[in-house]
2 protein chains.
Amino acid sequence: MNRMANAENTRKRILDSAAAILRHKGLAGAKLSEIAEGAGMLAPSIYHHFGSKDILVEKVMMEGIYNNSHHIVARVERLGPSATPLVRLRTAIISHIEFLLSGDDYSSAVARVFDDLPEEMRRRVLAAYSSFDNYWRDLIVAAQADGSASKSLDATVVRKFLIAMLDSCSSWYRPGKLGPSEIAEQAASLLLDGFASIDSEKT
Amino acid sequence: MNRMANAENTRKRILDSAAAILRHKGLAGAKLSEIAEGAGMLAPSIYHHFGSKDILVEKVMMEGIYNNSHHIVARVERLGPSATPLVRLRTAIISHIEFLLSGDDYSSAVARVFDDLPEEMRRRVLAAYSSFDNYWRDLIVAAQADGSASKSLDATVVRKFLIAMLDSCSSWYRPGKLGPSEIAEQAASLLLDGFASIDSEKT
DNA sequence: GTCTATAATCAGATAGAC
DNA sequence: GTCTATCTGATTATAGAC
C-alpha cells in the first residue's frame, strides 16, 4: 500500500504540473520537459505513468470537468427543494466563478486549451462535458418556465454566452481591489439583471 | 503599377489564407504549408512576401483589430450626437457580433489565437488594441454617468465580461434558425436587460 | 516570384542502463 | 521508477536553380 500510495502521489504531481502549465501556456506551449520539471523529474520519466502527452492532457481535461461540475452541482443542490430556479441559477453562476478564481488549475486549463485539442480528444472531452452542459441548460430552462426569466431569449444562446463569459475570467482576473466573491456577484448581477438596470436609490 | 498590383494581390491572398486558417485551427495548428496552399503556392514562397511566420501572424492580428474596431466605431458614430449612451453601447454590441458573424476571418483569428501569441507580439497587439478597448470603456462609463446603467458594476469587469461574451460567438455560432442579427439582438438584450428581465406581456 | 532541395531546430517518444 | 542517450517526425526557415 505504501508503494501504491507513492505511485499515486507521483501521478498526481505530474497531473498537477500539467494542469498548471496547460492553464498558463496553452496546449502547444506546454512542453513535456517543463511539465516533468514541475513534477521534479525529467521528461522520459513521465512515460512510466502516462502513455503519451495526449493521454496526460486528456486526464487533466476530464478532472477539470469533473471537479468543476461536481463543485457547482453540489452547491446548487445544497440549496434544497425550496430554492427558486432563479436562485439556483444565480448560485451556479457564483459557484462557477468562485471555483475558477479559487485557483483550480484543472478547470482553468480546460477553458484555456479546449479549442486546441485534437479533433478526437475534443469529441470525448465534449461528451464528458455534456452532462454538465445539460445541467446548465436545465437551470436556464427552469427559470424561463418558472416565469422569472425572459422567454424571448434562446436558451442555447444564453447558455453559450453565459459559459463563455464565466470561463473568461480565469484569463483576465488578477487579485486586486475586487476579490473572487465580488467578481462572482458582479457576473450574476450583469447576467441576470443586466447592465442597464438602475441601482436602487441611495442618499 | 501592374507589377505592384500583383504583388499586393499575392500578399493579400497569403494574409487571407492565414487569417482563415488561424481562425479555424489556432496558432500552432496553422502550418505555413497549409497557409501557402490556401494562397496557391508552396511554403517557401511565403518568405518572399513575409519575413517569418510571426510577422505574418502579427499582420493578421493588426488587420483584424483595425477592421473590427473601425467597423464598430463607424457604426456608432453614425448615430450622431443625439444618441443616448445606452443606444450607443447597444449599437456597439450589435455591430461587434454582426461583424464577427459576417465571416470576417481576421477578427475571428484575433479572438482565437490572441492568448497563444508569443509574449512580445502579444504586447504589441495589445497596445494596438488599447485604443479600441478605451472606446468600449468610454461607452460603458458614459452609460453609467448618464444614469442609464448600473453604477454598482465595475466598468472594467463589465468590459472584460462583455468582450469575452461577444468574442465567443465566432467559435460556437453555426448558421441555423437564428441568424447573426438575431444573435446580436439577444446578446444586447442579455447584457443590457439581463436574463431575469420579464418579457412584456403578450396575449 | 516561385520552385526544389535541404538545413536547423525542436519536441514527443523509445531503448536500455541503473 | 528515473535516468542518459537516441530516434523519429514535423515544421520553420534558407540556398540557390529557374
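We find that CG of Leu42(A) is positioned 18 Å from P of dC18(C), with the value rounded to whole Å. Distance, Met41(B) CE to dT4(C) P: 13 Å, rounded to whole Å. When the C1' atom of dT2(D) is taken as reference, atom CZ of Arg11(A) falls 17 Å away, rounded to whole Å.
A donor-acceptor distance shorter than 3.5 angstrom exists from the side chain of Gln144(A) to the backbone of Leu153(A), with no hydrogens or angles considered. The backbone N or O of Ala28(A) sits less than 3.5 Å from a side-chain atom of Lys31(A), completing a donor-acceptor pair.
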In residues 107-114 of chain A, what donor-acceptor pairs under 3.5 Å come from side-chain atoms, sequence neighbours left out?
{"from": "Ser107(A)", "atom 1": "OG", "to": "Asp104(A)", "atom 2": "OD2", "distance (Å)": "2.6"}
{"from": "Ser108(A)", "atom 1": "OG", "to": "Asp104(A)", "atom 2": "O", "distance (Å)": "3.2"}
{"from": "Arg112(A)", "atom 1": "NH1", "to": "His24(A)", "atom 2": "O", "distance (Å)": "3.2"}
{"from": "Arg112(A)", "atom 1": "NH2", "to": "Asp115(B)", "atom 2": "O", "distance (Å)": "2.9"}
{"from": "Arg112(A)", "atom 1": "NH2", "to": "Asp116(B)", "atom 2": "OD1", "distance (Å)": "2.7"}

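Contact check, Ser45(B) against dG1(C): no side-chain N or O comes under 4.0 Å of OP1 or OP2.
Judged by distance alone, the side chains of Asp146(A) and Ser148(A) do bring a donor and an acceptor atom under 3.5 Å apart. Asp16(A) and Tyr106(A) share a side-chain donor-acceptor pair at under 3.5 Å.
In summary, Arg88(A) and Glu77(A) engage in a salt bridge, as defined by a charged side-chain N under 4.0 Å from a carboxylate O. Under the 4.0 Å criterion applied to side-chain N and carboxylate O atoms, Glu119(B) and Arg123(B) are assigned as salt-bridge partners.
Interface residues of residues 18-35 of chain B facing DNA chain C, ordered by number: none; criterion, heavy-atom separation under 4.0 Å. Listed by residue number, His48(B), His49(B) are the residues of residues 48-60 of chain B with a heavy-atom contact under 4.0 Å to DNA chain C.
When distances are taken from the side chain of Tyr47(A) to each of dA13(C), dT2(D), dT14(D), the shortest belongs to dA13(C).
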Handout entry: side chain to side chain contact (heavy atoms under 4.5 Å, CB included) between Trp136(A) and Ile93(A), intermediate numbers included
Key = CA-CA 10 Å; Trp136(A) 277 107; Ile93(A) 291 168; 4.1 Å; yes
